[in-house]
Enquirer: 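A single structure is presented below for examination.
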Amino acid sequence: MKTVGRLCAVLLAAAIGVVLVRGCWVSLIEIPEDGERPVFMAGDRVAVNRMAYGLRLSPMRWWGDVRWWAEPVPRGDWVAFNDPSTGEDDERFIDERDVFIGFCYAVPGDSLWIDSLGKVYRACPRVGRSCRVVELPRKNAYVTLTPDNMQWYCRMINLHEGVHAAIIHDSLCVSGHFVSSFRFTHDYYWMSSANERNHADSRTFGFVPDTYIIGRLSRILYSWDTKVPWYARFRAHRTMMKVSQENPNP
């Protein structure tokens, strides 16, 4: 009986350890399609370091928005984050939404120039390109509103700031008051795709608030190609491949 009891205790401890590792330290995501080639391929299984920017406690329905040992996301990191496109209109808790990936192109306080073709720069491009200029909001900092950035900020305020905003006669009205600046309550990041033709990035879903960040993509554990015969599906050359930083320069 003592042996059985010890075995049960060991199995229980192992199960608790797996739950803690998967829930607190690392999680595994599958890349479903080839939109992030050449960095990732459909079928890659990628480890996400949930401690890289501080541990966001899960489930959020229990803990709310709590993150221990919070750290900023550096430019160039490949990041896993929850879908920010529906914001507070989504009844699901943040950590229950779909998981997206992208590399961090710009951080809070950076200014971005976006041309008419959707190309994004972190420095003013050459003369001749018509661009809108937006600044990524920093937590508790005021952002000045201009005709160039008003639509971006109006959308972000409605999605993530818990108040209602609308553009009326080329001015921003927030909670019934016209304002020339707005103080944001989150740090916001710009997430980009490895492939410019893949618009599943901040050009489509907007800035990513700090509360949506899950962790850093650290290593491709293994890769499985479902488009070839079963005996050739395992991509041995991608096993334990380290995920490198992207060059965030414009």
Side-chain angles (χ1 to χ4, degrees), residues 56 60-61 64-67 70 72-73 79-102 104-125 129-193 196 198-214 250:
R56 187 184 70 178
M60 295 180 78
R61 65 169 58 247
D65 174 24
V66 178
R67 187 182 297 269
V73 179
V79 181
F81 53 95
N82 294 105
D83 176 8
S85 61
T86 55
E88 296 182 355
D89 294 334
D90 196 324
E91 294 182 355
R92 294 173 297 173
F93 288 87
I94 291 173
D95 60 345
E96 297 173 350
R97 304 176 194 180
D98 291 340
V99 176
F100 289 177
I101 67 169
C104 181
Y105 182 73
V107 300
D110 283 351
S111 292
L112 296 176
W113 284 257
I114 307 170
D115 68 18
S116 57
L117 300 177
K119 188 170 178 60
V120 182
Y121 307 85
R122 282 202 302 109
C124 185
R129 287 186 179 269
S130 176
C131 294
R132 292 176 298 163
V133 184
V134 294
E135 178 186 345
L136 267 74
R138 291 174 295 172
K139 185 175 183 178
N140 295 326
Y142 282 90
V143 171
T144 301
L145 303 169
T146 70
D148 276 348
N149 63 32
M150 198 173 295
Q151 287 188 343
W152 279 95
Y153 292 141
C154 181
R155 182 185 176 199
M156 295 302 101
I157 291 169
N158 283 322
L159 285 176
H160 305 301
E161 290 295 324
V163 294
H164 177 71
I167 297 175
I168 303 175
H169 303 305
D170 296 326
S171 297
L172 189 67
C173 181
V174 179
S175 298
H177 302 280
F178 286 99
V179 296
S180 58
S181 62
F182 184 82
R183 184 170 67 90
F184 285 83
T185 60
H186 299 288
D187 283 324
Y188 287 83
Y189 296 89
W190 185 279
M191 300 298 176
S192 289
S193 169
E196 283 191 2
N198 177 14
H199 280 237
D201 58 17
S202 284
R203 290 172 292 178
T204 299
F205 51 68
F207 309 147
V208 179
D210 50 10
T211 50
Y212 283 69
I213 301 296
I214 300 171

Enquirer: Quick one: CG on D110 to CZ on R122, what's the gap to the nearest 0.5 Å?
Expert: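 Between atom CG of D110 and atom CZ of R122 there are 5.5 Å.
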Enquirer: For the residue pair Y188 and F207, does the interplanar ring angle fall in the parallel (under 30°), tilted (30 to 60°) or perpendicular (over 60°) class?
Expert: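 Plane angle over 60°, so perpendicular.
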Enquirer: Do you know which two heavy atoms are closest between S175 and V163, and how far apart they sit?
Expert: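 In terms of heavy atoms, the two residues are closest at OG-CB, 3.5 Å.
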Enquirer: Can you measure from CG (D187) to CZ (R138) and round to the nearest 0.5 angstrom?
Expert: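 One gets 9.0 Å once the value is rounded to the nearest 0.5 Å.
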Enquirer: Taking the six-membered ring for Trp, are the ring centroids of W190 and W152 within less than 6.0 Å of each other?
Expert: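 Between W152 and W190, which both carry aromatic rings, the centre distance is below 6.0 Å.
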Enquirer: Hey, would you say the F184 and Y153 ring centroids sit under 6.0 Å apart?
Expert: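 Between F184 and Y153, the centre distance is under 6.0 Å.
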Enquirer: Under the side chain to side chain contact (heavy atoms under 4.5 Å, CB included) criterion, do L159 and T86 qualify, and how do the steps go?
Expert: CA-CA 7 Å; L159 285 176; T86 55; 5.5 Å; no
Enquirer: Is it true that the side chains of R92 and N82 contain a donor and an acceptor less than 3.5 Å apart?
Expert: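 No pair is found: no donor N or O on one side chain lies under 3.5 Å from an acceptor on the other.
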Enquirer: Looking at side-chain heavy atoms only, is the closest gap between Y105 and D201 below 4.5 Å?
Expert: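 A side-chain contact under 4.5 Å is absent here.
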Enquirer: Is there a side-chain contact between R67 and I213 in this structure, where contact means two heavy atoms from C-beta onward sitting under 4.5 Å apart?
Expert: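 SC-SC contact between R67 and I213 confirmed.
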Enquirer: So V133 and W113, do their side chains get closer than 4.5 Å, heavy atoms only?
Expert: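 In contact.
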Enquirer: If you measure from CE on M191 to CD1 on I101, what distance do you get to the nearest 0.5 Å?
Expert: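 Answer for the CE-CD1 pair, M191 versus I101, is 11.5 Å.
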Enquirer: Among N149, D148, T144, find the one that has a side chain to side chain donor-acceptor pair (under 3.5 Å) with T146.
Expert: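 It is N149; the other options fail the test.
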Enquirer: Going by the angle between their ring planes, with limits at 30° and 60°, are F81 and F100 parallel, tilted or perpendicular?
Expert: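 F81 and F100: perpendicular rings.
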Enquirer: Is any side-chain heavy atom of V208 closer than 4.5 Å to one of P84?
Expert: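 SC-SC contact between P84 and V208 confirmed.
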Enquirer: Around Y142, counting heavy atoms of other residues, nucleotides and ligands shown, do more than 12 lie under 6.0 Å from its OH?
Expert: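 Atom OH in Y142 is not crowded, with 12 or fewer foreign heavy atoms closer than 6.0 Å.
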Enquirer: Is it true that atom CG of N140 has more than 12 heavy atoms of other residues, nucleotides or ligands lying nearer than 6.0 Å?
Expert: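 Enclosed: over 12 neighbouring heavy atoms sit under 6.0 Å from CG of N140.
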Enquirer: To the nearest 0.5 Å, how far apart are CG in D83 and CD in E96?
Expert: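 Going from the CG atom of D83 to the CD atom of E96 covers 13.0 Å.
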Enquirer: Which heavy atom of C173 sits nearest a heavy atom of I168, and at what distance?
Expert: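 What the structure gives for the nearest pair is CB-CD1, 4.0 Å.
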Enquirer: In the structure I gave you, are the side-chain heavy atoms of C154 and N158 within less than 4.5 Å of one another anywhere?
Expert: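 Yes, at least one pair of side-chain atoms sits under 4.5 Å.
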Enquirer: Find the distance between CD1 (I114) and SG (C131) and round it off to the nearest 0.5 Å.
Expert: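 The CD1 atom of I114 sits 8.5 Å away from the SG atom of C131.
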Enquirer: If every non-hydrogen atom of C104 is compared with every non-hydrogen atom of V107, which pair is closest and at what distance?
Expert: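 Looking at all heavy atoms of both residues, the shortest contact is SG-CG1, 3.8 Å.
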Enquirer: Search all heavy atoms of A80 against all heavy atoms of V99 and return the closest pair with its distance.
Expert: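 Nearest heavy atoms, A80 then V99: CB-CG1, 4.2 Å.
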Enquirer: Looking at CG of D95 and CD1 of I214, how far apart are the two atoms once the value is rounded to the nearest 0.5 Å?
Expert: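 If I round to the nearest 0.5 Å, the distance is 8.5 Å.
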Enquirer: Identify the heavy atoms of R97 and G87 that sit nearest to each other, and give their distance.
Expert: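 Looks like NH1-O, 2.9 Å.
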Enquirer: Any side-chain heavy-atom pair from I157 and L172 closer than 4.5 angstrom?
Expert: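 Counting from C-beta outward, I157 and L172 do come under 4.5 Å.
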Enquirer: Determine whether K139 and T185 satisfy the following criterion, side chain to side chain contact (heavy atoms under 4.5 Å, CB included), listing intermediate values before the conclusion.
Expert: CA-CA 5 Å; K139 185 175 183 178; T185 60; 5.6 Å; no
Enquirer: Counting N and O atoms only, with roles assigned by atom type, does the side chain of E135 sit under 3.5 Å from a partner on the main chain of L112, one being a donor and the other an acceptor?
Expert: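 No; judged by distance alone, with no hydrogens or angles, the pair does not exist.
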Enquirer: Can you give me the closest heavy-atom contact between I167 and Q151, atom names plus distance?
Expert: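 So the minimum-distance heavy-atom pair works out to CD1-CG, 3.7 Å.
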